[in-house]
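In what follows, every chain begins at residue 1, and chains take the letters A, B, ... in the order their sequences are listed. Reckoned from all heavy atoms, side chains included, excluding hydrogens, waters and symmetry mates.
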Amino acid sequence: MVFRSLARFSVNYLQVLDEHGQIDARHAPKLTPALVKHAFDAMVLGRAFDETALALQREGRLLTYGPGKGEEAAHAGSALALRKGDWIVPSFRENTAYLARGYPPELLFEYWMGDERGQKMPKEHKMLPVAVPVSTQIPHAVGIAYAAKLLKKNEVVLTYFGDGATSKGDFYEALNFAGVFRLPVIFACINNQYAISLPRERQSAARTLAQKAIAAGIDSIQVDGNDVFACYRATQQAVERARKGEPTLIEFYTYRMGDHTTSDEASRYRSAKEVARWAKRDPISRLSKYALGKKLWNKQHEQKIWKLARKRISDAVAKAEAIGTQPIEDIFAYTYSQPTPRLREQLEEARKEAV
Amino acid sequence: MVFRSLARFSVNYLQVLDEHGQIDARHAPKLTPALVKHAFDAMVLGRAFDETALALQREGRLLTYGPGKGEEAAHAGSALALRKGDWIVPSFRENTAYLARGYPPELLFEYWMGDERGQKMPKEHKMLPVAVPVSTQIPHAVGIAYAAKLLKKNEVVLTYFGDGATSKGDFYEALNFAGVFRLPVIFACINNQYAISLPRERQSAARTLAQKAIAAGIDSIQVDGNDVFACYRATQQAVERARKGEPTLIEFYTYRMGDHTTSDEASRYRSAKEVARWAKRDPISRLSKYALGKKLWNKQHEQKIWKLARKRISDAVAKAEAIGTQPIEDIFAYTYSQPTPRLREQLEEARKEAV
Amino acid sequence: MAVMNMVDALNSALDNELERDPRVVVLGEDVGRDGGVFRVTQSLLKKYGELRVVDTPLAESAIVGASLGMSLNGLKPVAEVQFDGFTYATFDQLFSHVARMRTRTRGRFTAPLVVRFPYGGLVRALEHHSESPEAFFCHFPGLKVVAPSSPYEAKGLLIAAIRDPDPVIFMEPKRLYRAIKEDVPETPYIIPLGEARVVQEGSDVTIVSYGSMLQSCLEAVKLVAGAASCEVIDLRTLTPWDERTVIDSVGKTGRLVIVHEAPRNCGLGGEIAATIQQKCFYKLSAPIARVTSWDIITPLPKMETRHFPSVSRIAKAIIETATLQ
Amino acid sequence: MAVMNMVDALNSALDNELERDPRVVVLGEDVGRDGGVFRVTQSLLKKYGELRVVDTPLAESAIVGASLGMSLNGLKPVAEVQFDGFTYATFDQLFSHVARMRTRTRGRFTAPLVVRFPYGGLVRALEHHSESPEAFFCHFPGLKVVAPSSPYEAKGLLIAAIRDPDPVIFMEPKRLYRAIKEDVPETPYIIPLGEARVVQEGSDVTIVSYGSMLQSCLEAVKLVAGAASCEVIDLRTLTPWDERTVIDSVGKTGRLVIVHEAPRNCGLGGEIAATIQQKCFYKLSAPIARVTSWDIITPLPKMETRHFPSVSRIAKAIIETATLQ
Ligand SMILES: Cc1ncc(C[n+]2csc(CCOP(=O)(O)OP(=O)(O)O)c2C)c(N)n1
Ligand SMILES: Cc1ncc(C[n+]2csc(CCOP(=O)(O)OP(=O)(O)O)c2C)c(N)n1
Ligand SMILES: [Mg+2]
Ligand SMILES: [Mg+2]
């Protein structure tokens, strides 16, 4: 005898710093000058890493590489809202997040140069290695968060993934687990509008990606992903919620300024006009406008930041390229905790091979 | 400079026939006496099938069996809203839906008795075989619907799955595809409150299962799954929408009255009180009340319906049990379109084996 | 000591390990309140609470993916997949991540987890409930694969698997869950991974098998006792398998029959035959025989006894191999 | 005739079949507007429209699951998975449904679909982009598995795969995508599935390989030309593989080397060795050798040449096998 509404939902959007570098104080996080500086440094370092990586790739000194240009605010803003003891479970485009946490850039270069030794995760970093198969890392974040909860570790886990990743079952299964077990996890969707050539609108008929959280009964928000303050603020709130056992999905609405990777030609599937429109929303110049306006630093100082960042990156390249050849033992060493008899035999065979 | 709402959603609930057999005319489908009769016949036949199957199983004449008792309105109401040319992609508990479409019960028995020949789908039925791995059948419905659209077949595809199935990636990936490609498909979620022992509330933190459609940007509704008119009506509307290229998720809110299967003991995880509460909402007696009240038939006639149904079922059992042994060739015959040399060899070997 | 069937023995292993090590967590569909559809996890929820004995939503891929995450952050998850046929959904997580984590972090992160599931046929089960997927797990480097053949073996191997620093796929022959009872200690003990067991010594022909087929082999060996003296090896660990023990035995007998329930093509039997023909080439007096199920889709129960290796099929292969000149 | 590399040849095959048969549909990630990340589907979207050349959302399992549905309702889908390492997510659909549909409906429904993907290493690719998963597909009954070794072969085999009434896994050796050019007809032609090709006749030793390793074998054979006369067989179809041709060749040479990129344990090489030792037992003059990658996780590009079979490793195995007394 009824036709009634059972449940209602809404999806909200947050922007703090607008394209002119003006902030909305009501929603702003506590912006100490140190924080602003730290965010700017990280974004610049990430951009410098990208530029160098692209140049190296053109010279054949690096494997296929997927630049993060344009997404630095989302990566840095979210990473900086975490504590040292919190976890990051990355996808593959978040070098800026690594760098924001003080991860050694030389290790990133080693990895992207095709050397396994770059995967030796330093003890002090709670980060998983790059996950290439899209979306498959998201359940790991849920498991890590489960362990944190059970072992009462007070850790929050943030996992990155793209707009494309939201079409995969792993994403959804993980969200659902987090909702059921009330886990301290943050699902950070970097919606850069493309999954290789597929535009966001054809990835899903959902109006927003944030609303996908409704399916798992968890909270979500969409933020301006080119606004480092909004990214920081939303993550900070999600961290607070996480510490109370409530997961959150954050959609960072941004844009992939470069090609998907160095093997891609984005001009095959998107217009220069569209790219130019987004160039105006560049996250680094937006923050620069704010800082210069607030007189947190001047132009000269800003140039120094850039110079230092580039120096740090070129030092890292030099280190990475000086690593030398990998011993053959090394590719056998980590298959199991102890070499099996068969692997010992195969290693012998491999050793004998003339190189 | 903004914190605003981007999108709003709501989930609705439909009931037409209440527990006292009274209908809400505003939302009622066009209820011809023939339709009411047809629905009642199907539900009774399904119930009779179940009773017999359970009895056979106790005697070791049937494999493990999952009864559909309590869910007959959802199965029959939805199946009857389809045309002959439409497809059903089932899960494993929807015998009543098969029977509502005139599927030979002897084939169902053969299958549940462990004879492959029961899987020979008759040409006139557009139905896939039972899908045991939960949720895996849902993408098939999407593909069938895609073909229907491309080949301009004007077919609608309805796929059944349970509340448990909504936690799996396949479900979600399929919904998302249907939204993107605007396919003529109906996702019929039979929420019977349990996935074996797991209660619905622990399957997902989502308040309703219907709201999972929001993640894919498609429409949804929750219906009283013990009300055959609501089930029919909601499916009918979804069929209309499907013919215009709009998919729908329907959550049939019902209850699994029996054990999960004959291998299960539901009393280990749910109370007799809960079961008794739901027994009062029995879909068959509810429809009976309505029909008797409207004088569509009388008690005597109703007894005849039951008697005929039971006769039809026991005839089917007799047929299924008379099938005889399966020739050994038969288990090799359908692996490939043509037997491979190796399979010819293995068949020779198998033939030689003393039985 | 107590007389246990395999379900009891597995339950006892889990109970011991949950008690001994607070990092052990059991998770899966219906493992908590229901105690598992085969009752392997019976009563553990009551004893260890719902944080450590976890009823999960229905999603095998996420169960394994989340288990990996747990194992990276200090837990030792023992995940249950309800049946063999539902492990396919876990392959992506197993092959893309679980098997690689140690390599991909150069040992910083490891994945000390166990995925256990009932496998195999001949119990008149529904479709997708009678599969033997071991070869898939064996083919991918980085996983260990175990299949016990009796209650005593099951407990010792499961405890070893839980304590192992590497990810272990633990396949439980469901046909043997309640078929055999034997003395099993109630206290924990270990049967080391990677070591096969010579169940019976013999001189004419070596039989290699594992899991439920081991029992069929023992029956077949009895049948042919007059005609051939059989050395029967229970492989126990399928990866890394104990080449040494098989090589030694074939060195003695010169003849080998391998028996498994999985289809033949690219099954584990192929690997064993390929390895042994290479390493024992000059010792072999007859071709190595494989007795397996056919390379077809597992038929429904009415015909399953024609599909899986029967005692008579095994006996025939033993006689043929043992007597070939 | 035109000179084509393998990408051109595959594109030509798809173009021919889309044109010939309105039921053919191409689907996958980036196959439309972008023309595929390797450009195999280049320009097809423009020609056949977005209903038949379909850019899908990012979900491999749903791509294969939907393809199955399409194939049941009158279409002939050719699905692309972007890389080998992303096929694991499709195993559940392939093994639980695609491979079984004919059996499970006693022939009423069949699954005439193709899943194609680039496979294999030695192109300095990122992680998860250098895998050879053929043994998985071969182990599961009901699938056919194909791997071409040149542009001409690729086109003829892909057309055969598309027209085949059974589901076919079509593995494209990405290392050969642009490495070889040869004359390829622009019109459709077929190379039948299930038939191996004797690429080169010889008398001392038989080499069996497929896909990209075939080219490495041919190089190795040149290296050892003075020392051993090699008969080289390109398997082409990996399931069902052409036992007859291999048996005939080994009957002649008495020696066999099998070469593939996948890890050794439970790889296809094991199956071939196990079969041949059985069927050619009395003809074999030396143990059958397998040259494969190691049983480890594929290393990153700097070390991949130490992992995958190199020409020198193959040459060494040939010499050893050919000269063993
Ligand atoms: C499972 C899987 N399928 C396909 C690919 C190939 N691939 C790499 S990145 C990518 C698109 C990912 O899009 P998105 O998630 O939006 O992340 P973005 O690249 O935009 O950062 C694809 C298809 C992959 N890595 N994993
Ligand atoms: C992928 C998969 N995992 C586990 C199972 C075992 N199993 C059979 S039915 C079932 C519960 C299904 O629950 P639901 O989807 O609500 O359907 P219902 O049984 O209630 O009709 C489970 C776990 C299965 N069949 N498939
Ligand atoms: Mg993206
Ligand atoms: Mg249910």
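Each of B/Y146, B/F181, B/Y336 has some count of heavy-atom pairs under 4.5 Å with chain D, and the biggest count is that of B/Y336. When D/K144, D/R244, D/H97, D/R100 are compared by the number of non-hydrogen pairs under 4.5 Å with chain B, D/H97 comes out ahead. The residue among D/L58, D/I63, D/L27 with the most heavy atom pairs within less than 4.5 Å of chain B is D/I63. Heavy-atom pairs under 4.5 Å with chain D peak, among B/I331, B/L151, B/V180, at B/L151. Contact tally against chain D (heavy-atom pairs below 4.5 Å) for B/T136, B/T340, B/D170, B/V89: the top residue is B/T136. Ranked by non-hydrogen atom pairs under 4.5 Å with chain B, the options D/R23, D/R52, D/R104 are led by D/R104. Chosen from B/Q338, B/K153, B/K149, B/R117, the residue pairing most often with chain D at heavy-atom distances under 4.5 Å is B/K153.
Heavy atoms of other residues, nucleotides or ligands lying less than 6.0 angstrom from CD of B/E349 number more than 12. More than 12 heavy-atom neighbours from other residues, nucleotides or ligands sit within 6.0 angstrom of NZ on D/K252.
For the pair D/M101 and B/P129, the minimum side-chain heavy-atom distance is below 4.5 Å. Residues B/P341 and D/E243 have side chains not in contact (no heavy-atom distance under 4.5 Å, counting atoms from C-beta outward). Counting only heavy atoms from C-beta outward, the side chains of B/K168 and D/D92 approach each other to under 4.5 Å.
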The test is side-chain contact (heavy atoms from CB on, under 4.5 Å); show your working for B/D330 and D/R106 and say whether it passes. CA-CA 9 Å; B/D330 216 44; D/R106 320 312 287 158; 3.1 Å; yes
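Atom-to-atom distance recorded for D/L68:CG and B/I144:CD1 is 7.5 Å, nearest 0.5 angstrom.
What you find for D/T103 and B/Q119 is that their closest heavy atoms are O-OE1, 4.3 Å. D/A62 and B/E173 get closest at one heavy-atom pair: N-OE1, 3.0 Å. Across all non-hydrogen atoms, the minimal contact from D/F109 to B/M121 is CE1-CG, 4.0 Å. Closest of all the heavy-atom pairs between D/P57 and B/N176 is CB-ND2, 3.9 Å. The nearest pair of heavy atoms linking B/E155 to D/N73 is OE1-ND2, 2.9 Å.
Looking at B/H140 and D/Q93, their side chains do bring a donor and an acceptor atom within 3.5 Å of each other.
Contact of D/T275 with chain B is made through the side chain alone, with heavy-atom distances under 4.5 Å. Contacts of D/T239 with chain B are made by side-chain atoms alone, with heavy-atom separations under 4.5 Å and no backbone atom involved. Looking at D/L51, both its backbone and its side chain come within 4.5 Å of chain B, counting heavy atoms on both sides. For a residue to count as touching a neighbouring chain, one of its non-hydrogen atoms must lie under 4.5 Å from one of that chain's; by this rule D/V25 touches chain B with the side chain only. Only the side chain of D/S96 comes within contact range of chain B, judged by heavy atoms closer than 4.5 Å.
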